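Below you'll find the structure, written out as structure tokens, and then a few comments.
Please read these numbers as outputs of a predicted model, since none were measured by experiment.
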Amino acid sequence: MYSSFCLIKNSCAVCSAIKHFAGSRECGILQEDVYTAPWPLDPKVSPFCGKRAGLLEALSGGGRYGFDEPFVGKDCTYRWFSTPEICMIIERFNAITFVGDDIAQSVYSAFNILLREDLALGGLQQWTMSDEDKAKCRCHNQFLDIECQRFAVKSSDDVKKNDSGDRKGSPYFCDYVPHEFISVNSVPTSPASQTNYEDLTYGKSNPWQPSPMIFSFGHGSAFDTGIATRAIDEWSTLATGAERNIPMLFISPPAFGINKAPSSAPRTGNLAAWNFHTEMAPVAKEKHFDVLSLYNLTLQASSVDGERFGEEVALVQAMMIINWLSKLETS
């Protein structure tokens, strides 16, 4: 058993959280397909994780009650926050950065989908896309079609400059706090990436108000723990150099799907992904990162090629990050 509660589908507590999103019907994504409301077996015990450490342990160790069934935490689980609740969570921060490889980018795209309430194109820069691009890259293809990923949102500033004032893109439900995806493809990272991070975090007036950083480099390092360790060292040093309150979360990579081609890297598949997590988790914790593993989340999830997962998985990943943000102290 992954948890000490039973699961109730179609609960009114969560059934309307994404139903009103643009593209909800078109994309065929229902709330009950991605999240199931927990019902505690003991009414005196909350099914939701109380502490940050317990949340990360539950999410890293959770699972599904069948292939493509909603993911639940182990012993306790996460909340599915409404958009106004998400806004209340993120408004407590100076800035939020998603740093690293394609996993960080995918999570950031889903983060934007939730804040823009747009399942069809909310993770993309609609203002740069032709009508043909928009037709091709809708819904799941935001994550599944490699050609579409070049349109992925890079920062909140870009969206705010091109929102629905001239009908070029979906606006944010709230836009108080800047956030950005910073691509990292090498160690050491490019001067441009360092500058983007420093510009977003170093100049904030209140040094005690947190500027969380979400970091992923499993795919970026090709599961090379030596390279990943150097990347963690570099980015923890950058965060420390801000002389600010920078909570850090290290994301371990997802599992590969059952249809991964044997010839595609890494040859050892899920063994490589799992070994990377077990070796890098203590390294990240030593550098004061919290750790979230996406391995169990994707182990029983459908994938088009064994490596890329659809919009439902990305939305759950983003909601996991939002739950982590909700547990951070802001005093």
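- From D68, atom CG reaches atom OG of S302 across 3.0 Å, with rounding to the nearest 0.5 Å.
- Residues V99 and I214 have side chains not in contact (no heavy-atom distance under 4.5 Å, counting atoms from C-beta outward).
- A donor-acceptor pair shorter than 3.5 Å can be found between the side chains of S193 and S190.
- The backbone N or O of P188 sits less than 3.5 Å from a side-chain atom of S186, completing a donor-acceptor pair.
- Applying the ring pair (Phe, Tyr, Trp, His ring centres under 6.0 Å) definition to pairs two or more places apart or across chains, those involving residues 268-292 are F223-F276, W274-H277, W274-Y295.
- A search for salt bridge (charged side-chain N to carboxylate O under 4.0 Å, His left out) contacts involving R79 returns nothing, not counting sequence neighbours.
- A donor-acceptor pair under 3.5 Å is absent between the side-chain atoms of S24 and the main chain of H20, judged by distance alone.
- The backbone N or O of D158 lies less than 3.5 Å from a partner atom in the side chain of S155, making a donor-acceptor pair.
- Taken to the nearest 0.5 Å, the CE atom of M213 stands 11.0 Å off from the OG atom of S211.
- Between Y35 and Y78, the ring center distance clears the sub-6.0 Å criterion.
- With sequence neighbours excluded, the residues satisfying ring pair (Phe, Tyr, Trp, His ring centres under 6.0 Å) with Y108 are F98, H179.
- The side-chain hydrogen bond (donor to acceptor under 3.5 Å, both in side chains) check on D145 picks up nothing, with sequence neighbours excluded.
- Pairs of residues two or more places apart, or lying in two chains, that qualify as side chain to side chain donor-acceptor pair (under 3.5 Å) and include a residue from residues 219-228 are D102-H219.
- Looking only at distances, no side-chain donor or acceptor of N196 sits under 3.5 Å from a matching main-chain atom of I182.
- Across all their heavy atoms, Q31 and A17 have their closest contact at OE1-CB, 3.2 Å.
- With sequence neighbours excluded, no residue forms a ring pair (Phe, Tyr, Trp, His ring centres under 6.0 Å) with W324.
- Within the 4.5 Å cutoff, side-chain heavy atoms of N185 are placed close to those of S183.
- A continuous path of ILVMFWY side-chain contacts below 4.5 Å connects I246 to I232, so both sit in one hydrophobic cluster.
- In the hydrophobic cluster analysis, where Ile, Leu, Val, Met, Phe, Trp and Tyr join through side-chain heavy atoms closer than 4.5 angstrom, M248 is grouped apart from I96.
- Checked options Y197, F250, F217; the residue passing with W235 is Y197 (criterion: ring-ring contact (aromatic ring centres under 6.0 Å, His included)).
- Legend: residues meeting side chain to side chain contact (heavy atoms under 4.5 Å, CB included) with R25, ordered by chain and number and at least two apart, are absent.
- Across P212 and A95, no two heavy atoms sit closer than the pair CD-O, 3.1 Å.
- For CD of E57, the number of neighbouring non-hydrogen atoms (other residues, nucleotides, ligands) closer than 6.0 Å is 12 at most.
- Here R244 pairs with nothing under the side-chain hydrogen bond (donor to acceptor under 3.5 Å, both in side chains) rule; sequence neighbours left out.
- Among all heavy-atom pairs drawn from E26 and A120, the shortest one is OE1-CB, 4.1 Å.
- Evaluation of the side chain to side chain contact (heavy atoms under 4.5 Å, CB included) rule for S130 yields E132, D133 as partners, not counting sequence neighbours.
- No path of Ile, Leu, Val, Met, Phe, Trp and Tyr side chains, each step under 4.5 Å between heavy atoms, connects I251 with V291, placing them in separate hydrophobic clusters.
- In this structure, the side chain of S293 does not engage the main chain of S60 through any donor-acceptor pair within 3.5 Å.
- In this structure, the separation between CG on L294 and CG on L299 is 12.0 Å, given to the nearest 0.5 Å.
- Here the side chain of D33 pairs no donor or acceptor atom with the backbone of I29 at under 3.5 angstrom.
- Taking D233 as the reference, K287 meet the salt bridge (charged side-chain N to carboxylate O under 4.0 Å, His left out) condition, with sequence neighbours excluded.
- A single hydrophobic cluster is seen to contain both F48 and V34, as judged by linkage of ILVMFWY side chains at heavy-atom distances under 4.5 Å, directly or through other members.
- Counting only heavy atoms from C-beta outward, the side chains of L114 and F21 approach each other to under 4.5 Å.
- A donor-acceptor contact closer than 3.5 angstrom links the side chains of Q126 and R116.
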| said: One pair to check against side-chain contact (heavy atoms from CB on, under 4.5 Å): T36 and E69. What are the steps and the verdict? | reply: CA-CA 9 Å; T36 303; E69 288 294 308; over 6 Å; no

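- Here the straight-line distance linking atom CD1 of I103 with atom OG of S216 works out to 5.5 Å at 0.5 Å rounding.
- Residues E243 and Y202 form no side-chain contact, since every pair of their non-hydrogen atoms from C-beta on lies 4.5 Å or further apart.
- Hydrophobic cluster membership differs between V107 and M280, with clusters built from Ile, Leu, Val, Met, Phe, Trp and Tyr side chains linked at under 4.5 angstrom.
- A donor-acceptor pair under 3.5 Å is absent between the side-chain atoms of K327 and the main chain of L56, judged by distance alone.
- Distance CG/L124 to CE/M129: 5.0 Å, rounded to 0.5 Å.
- With contacts defined as side-chain heavy-atom distances shorter than 4.5 Å, the pair L297/R64 qualifies.
- Side-chain N or O atoms of Q142 include one that pairs as donor or acceptor with a backbone N or O of L119 at under 3.5 Å.
- The distance from atom CG of N112 to atom CG of D118, rounded to the nearest 0.5 Å, is 10.5 Å.
- Counting only distance, with no hydrogens or angles, the side chain of E234 and the backbone of V187 share no donor-acceptor pair below 3.5 Å.
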Atom pairs and distances, donor-acceptor, side-chain atoms in residues 83-94, under 3.5 Å, two or more places apart:
unit_1 : atom_1 : unit_2 : atom_2 : d
T83    : OG1    : E117   : OE2    : 2.7
E85    : OE1    : S82    : N      : 2.8
E85    : OE1    : S82    : OG     : 3.3
R92    : NE     : I89    : O      : 3.1
R92    : NH1    : L328   : O      : 3.1
R92    : NH2    : L325   : O      : 2.6
N94    : ND2    : N206   : O      : 2.9
N94    : ND2    : Q209   : O      : 2.9

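- Closest non-hydrogen pair, F309 versus P254, comes out as CE1-CB, 4.4 Å.
- The minimum heavy-atom distance between F256 and A273, with the atom names listed, is CE1-CB, 4.3 Å.
- The shortest heavy-atom contact between L292 and L59 is CD1-CB, 3.7 Å.
- Members clustered with L144: V304, by chain and number, using a 4.5 Å side-chain heavy-atom cutoff among hydrophobic residues.
- In terms of modelled atom types and a separation under 3.5 Å, the side chain of D290 and the main chain of L249 share no donor-acceptor contact.
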| request: Please lay out, stage by stage, how V153 and F181 fare under the test side-chain contact (heavy atoms from CB on, under 4.5 Å). | output: CA-CA 8 Å; V153 170; F181 166 67; over 6 Å; no

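- The existence of a salt bridge linking E147 and K136 is excluded, since no basic side-chain nitrogen approaches an acidic carboxylate oxygen closer than 4.0 Å.
- The environment of K160 atom NZ is dense: over 12 non-hydrogen atoms of other residues, nucleotides or ligands sit within 6.0 angstrom.
- You'll find the side chain of L55 stays beyond 4.5 Å of the side chain of M320, heavy atoms only.
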